[in-house]
Every structure is written in C-alpha cells, then in structure tokens.
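First the structure, in the form of structure tokens, and then the observations on it.
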Amino acid sequence: MILLALETTCDETAAAVVTDRLDVLASVVASQEELHRRYGGVVPEIASRAHLENILPVIDEALRKAEISLDEIDAVAVANTPGLAGSLLVGLMAAKAICLSRGIPLVAVNHLQAHIYACRMAAGRDVFPCVGLIVSGGHSNLYRCRGPLDFHFLGGTIDDAAGEAFDKVAAMLGLPYPGGASIERAAAEGNPRAYAFPRALLRDERLDFSFSGLKTAVRYAIEGAGGKGRVSDCTNRKSEIKKQKSPLPSPLSSLPSQLVPDLAASFQEAVVDCLVGKALAALERTDSRILCVGGGVAANRRLRDRLDEEARRRNVELHVAPPDLCTDNAVMGAIAVERLRAGLVEELDLDVLPGLVRNAG
Ligand code: KG4
Ligand code: ZN
C-alpha cells in the first residue's frame, strides 16, 4: 500500500510518499522562510496564499521523485490539526480533491502526534510507550504517549512557545528569521553564563513552561547595556520592517560586539535548562524510560547535546529526530499508517481544527 502524506499546518508546504511498511519513497518540503523573513514571523494570510501556489507542484515533485503516478496512491493523509486555519485548509482541500477523484480513503493526521512519530520514523523501530516533548514555533508540550495515537497531555507553555521565544529574541537581537537557527549560530560564539536569565517554573511541580519573562529579561539586558534592541516584540510595523534590512540595527551595532553572542548563548541556555528539566521530571512522574523529542526547536544542537548527556546519565532511551525531520515535513505524516491499521478513515466532510486538542488520541 502506498500513501501520499500532505503537511501545510504552518509555513512549510510538504508532501511525502510512504509505504505501509514505513519506507519513504519521496519527501519534498517547500519552505516559505524567505516570504516571512521581513516580518520577523509567519504572516498567516501570506502563508495560506503561498501554500495555494505550492501545493500542486510539491505533490507533483513528490510523485516524480517516488517514480509513481497518482493512480498508484492508495490513500491520502493530511494534517488537519493544530495549525493556522487558512494553511490547514489548503492541504485538506488538496487531499479531499485527490480522494474524491480517485475514490481512495482520506486519513487525518494530528500534527503534534506526527512530530513525535518523526522519532519513530528515524529510529526504524517502535518507540512507544514514551514521554513526548514537542518544541516548535507554536507549541511546547509534554505528553505521556501510550501509543502513537494515544497521547495524554502532561503540561505545556502558559505563554510563548519555545520556538516563538527564539524567534522574538532573535528579532530583538537583530538576528534574521527564523530565529532558532540564528540564535544557535550567534550563541556558538557567546558565553552561556554571561547573563543569569530566569528559568521560570523550573522548580514548580507543574510540567508547564513559561518563556515570556525570559524574553522580557533579554530585553532589559539589551536596554541595560545601552541598546534599544531592534523590535520590542514581533511586529510588522513599516518602520520596523525597514530597519530589519541591515544585519545589525544602529543601537545594537554601537554596543560591544560580544553582547549579541553572550545574550544569545545565555538565552539559549535558559530555554534548554527549562526544556530538559521538565522532560526529565515528566519521565520521572510517568515512570517512563523512553523520551522522544520533536518539533523545530529539537534541531537545536545545544538542546540535543544536553538531552543526550542527561539521558545517558539516567539510562533513558532518547530519540530526537534528525534536524530535517524536526522542522515541519510530511514524512512524519506516515503516522497515518497507524490510523489506517486502526480502521480510522475520514468522511469527506472532515474539517480543520486549528486549536490544540489537549488529549489527542
Ligand atoms: O516545527 P516547526 O518547523 O514549525 C511549527 O510547527 O511551529 O518549528 C519552527 C520553529 C521556529 O520557531 C524556529 O525558530 C525553531 O523551530 N527552530 C529552532 C532551530 N531551528 C528551528 N529553534 C532553536 N534552534 C534551532 N536550531
Ligand atoms: Zn510543526
């Protein structure tokens, strides 16, 4: 059996062709990074329009790479939750059109479960039951995953997602979007102990995260050093957009050259401490020995190294997907194979569900 999986939840248009034995025949990702860079964040309306332009060429490219025709596809899987409403709709409508015209089943994919399933795809073997940590631009959630389709919500961010904090702090530091990768690059030259930034909720019993205070602390540190920072927050005001064209805005460029790397490294360290600390607490709380980590922020080298270190120390089996399966992709949509096995196919009136449903399963 051959599946076509589609992913359009945020700002990547992706298609993959996978078999029911989880062999990946093709994977194509069209990134919209360039389109959103000047705004310092994803603009939903621009994202959905770009999906509309990209979806058919991306599907064609995936079929071409897999060397198969649409007639050979047995089912279409599509992420219909959570995500940006307009973006989700493009993928869902494309999937429905193919299913309707070919008379083949439609399979719904939960994007967050799929991020954890990326670990299963990379491992090449079962990784469940496990604790799942999803750290992306929109989510920082911990789950007890009894199986690929049985997720129990343990905790999540009460304000900004980890990736969102990376993107916003990068904007303040005058670093290009997407912020995660630029902060990681800048941090490589900085001292992670230069600034003692807060680790909110780290000692709290709840398995929740909070990154907005950390973001504010970085802003005060910039101001304390005599800089204004580039933008007070993610904003798309015209004046700010103009400023973003130069690599370092004037208030920051006049400051010591070590400031940005030190702030980036100290910020990154604080986020990593919180993510690692809560993931370990979740393992303990659920008496689990397997940790799976997915989502764009899981591409971060420092986070991966720290997780690796702690997992070894505690004899925990750690699965972090390779970076190209951490950021949004359609290979992780192979979770649809599990749904098909469980007899879970959808009617063609399936709708998008932009918000997070806590206990998916
Ligand atoms: O999972 P993803 O591709 O899309 C969502 O579902 O949100 O995650 C995108 C997020 C962005 O906020 C981006 O800044 C962050 O992942 N990211 C990183 C790194 N690469 C991407 N954050 C930290 N370090 C990285 N290397
Ligand atoms: Zn994602």
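Remember, it's 1-based here, ligands and their atoms both numbered in the order they're listed. The figures that follow rest on heavy atoms only: side chains count, while hydrogens, waters and symmetry mates do not.
- In the model, S182 has no side-chain atom that pairs as donor or acceptor with a side-chain atom of E184 under 3.5 Å.
- With respect to R289 and E284, no salt bridge is recorded, no charged nitrogen being found less than 4.0 Å from a carboxylate O.
- For ligand 1 and T327, the ligand atoms under 4.0 Å from any heavy atom of the residue are 3 (O).
- Counting only heavy atoms of the protein, atom 24 (N) of ligand 1 lies nearest to N300 ND2, 3.0 Å.
- The existence of a salt bridge linking E347 and K96 is excluded, since no basic side-chain nitrogen approaches an acidic carboxylate oxygen closer than 4.0 Å.
- For the pair H111 and ligand 1, a heavy-atom separation below 4.0 Å is found.
- Looking at ligand 1, you'll find an N or O of G163 within less than 3.5 Å of one of its N or O atoms.
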Show me the side-chain donor-acceptor pairs of residues 270-278 shorter than 3.5 Å, one per line, residues at least two apart or across chains.
residue	atom	partner	partner atom	Å
D273	OD1	R306	NH1	2.8
D273	OD1	R306	NH2	3.3
D273	OD2	R199	NE	2.9
D273	OD2	R199	NH2	2.9
K278	NZ	L201	O	2.6
K278	NZ	D204	O	3.0
K278	NZ	R206	O	2.6

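- Salt bridge absent: R49 and E53 never bring a charged side-chain N and a carboxylate O closer than 4.0 Å.
- A donor-acceptor pair is defined here as one N or O able to donate and one able to accept, closer than 3.5 Å; such a pair exists between the side chain of S48 and the backbone of E45.
- A ring-centre distance under 6.0 Å is found for F166 and F267.
- By the 4.0 Å N-to-carboxylate-O rule, R301 lies close enough to D305 to be salt-bridged with it.
- For the residues V29, D328, V271, the heavy atom positioned nearest atom 3 (O) of ligand 1 is part of D328.
- In this comparison of G294, G180, G296, S182, the heavy atom closest to atom 16 (O) of ligand 1 sits on G296.
- At least one heavy atom of G138 sits under 4.0 Å from some atom of ligand 1.
- Not a single heavy atom of H139 sits under 4.0 Å from any atom of ligand 1.
- Using a 4.0 Å cut-off between a side-chain N of Lys or Arg and a carboxylate O of Asp or Glu, D126 and R120 do not qualify as a salt bridge.
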For D308 and R312, what are the C-alpha separation, side-chain angles and deciding distance, and is it a salt bridge (charged side-chain N to carboxylate O under 4.0 Å, His left out)? CA-CA 6 Å; D308 204 44; R312 276 171 205 276; 3.3 Å; yes
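- Each of the atoms 1 (O), 5 (C), 6 (O), 7 (O), 8 (O) of ligand 1 lies under 4.0 Å from some heavy atom of S136.
- Less than 4.0 angstrom separates some heavy atom of H115 from each of these atoms of ligand 1: 1 (O), 6 (O).
- Around the Zn ion (ligand 2), the protein atoms of type N, O or S found under 2.8 Å away are H111 NE2, H115 NE2, D328 OD1, listed by chain and number.
- If you check each of P178, G137, A187, G179 against atom 9 (C) of ligand 1, the one with the closest non-hydrogen atom is G137.
- F128 and F151 have tilted rings, their planes meeting at an angle from 30° to 60° on a 0 to 90° scale.
- Closest protein heavy atom to atom 13 (C) of ligand 1: D167 OD1, 3.8 Å.
- Short contacts between ligand 1 and E184, defined as distances under 4.0 Å to a heavy atom of the residue, involve ligand atoms 24 (N), 25 (C), 26 (N).
- Ring planes of H115 and H111: perpendicular class, angle over 60° (limits at 30 and 60°).
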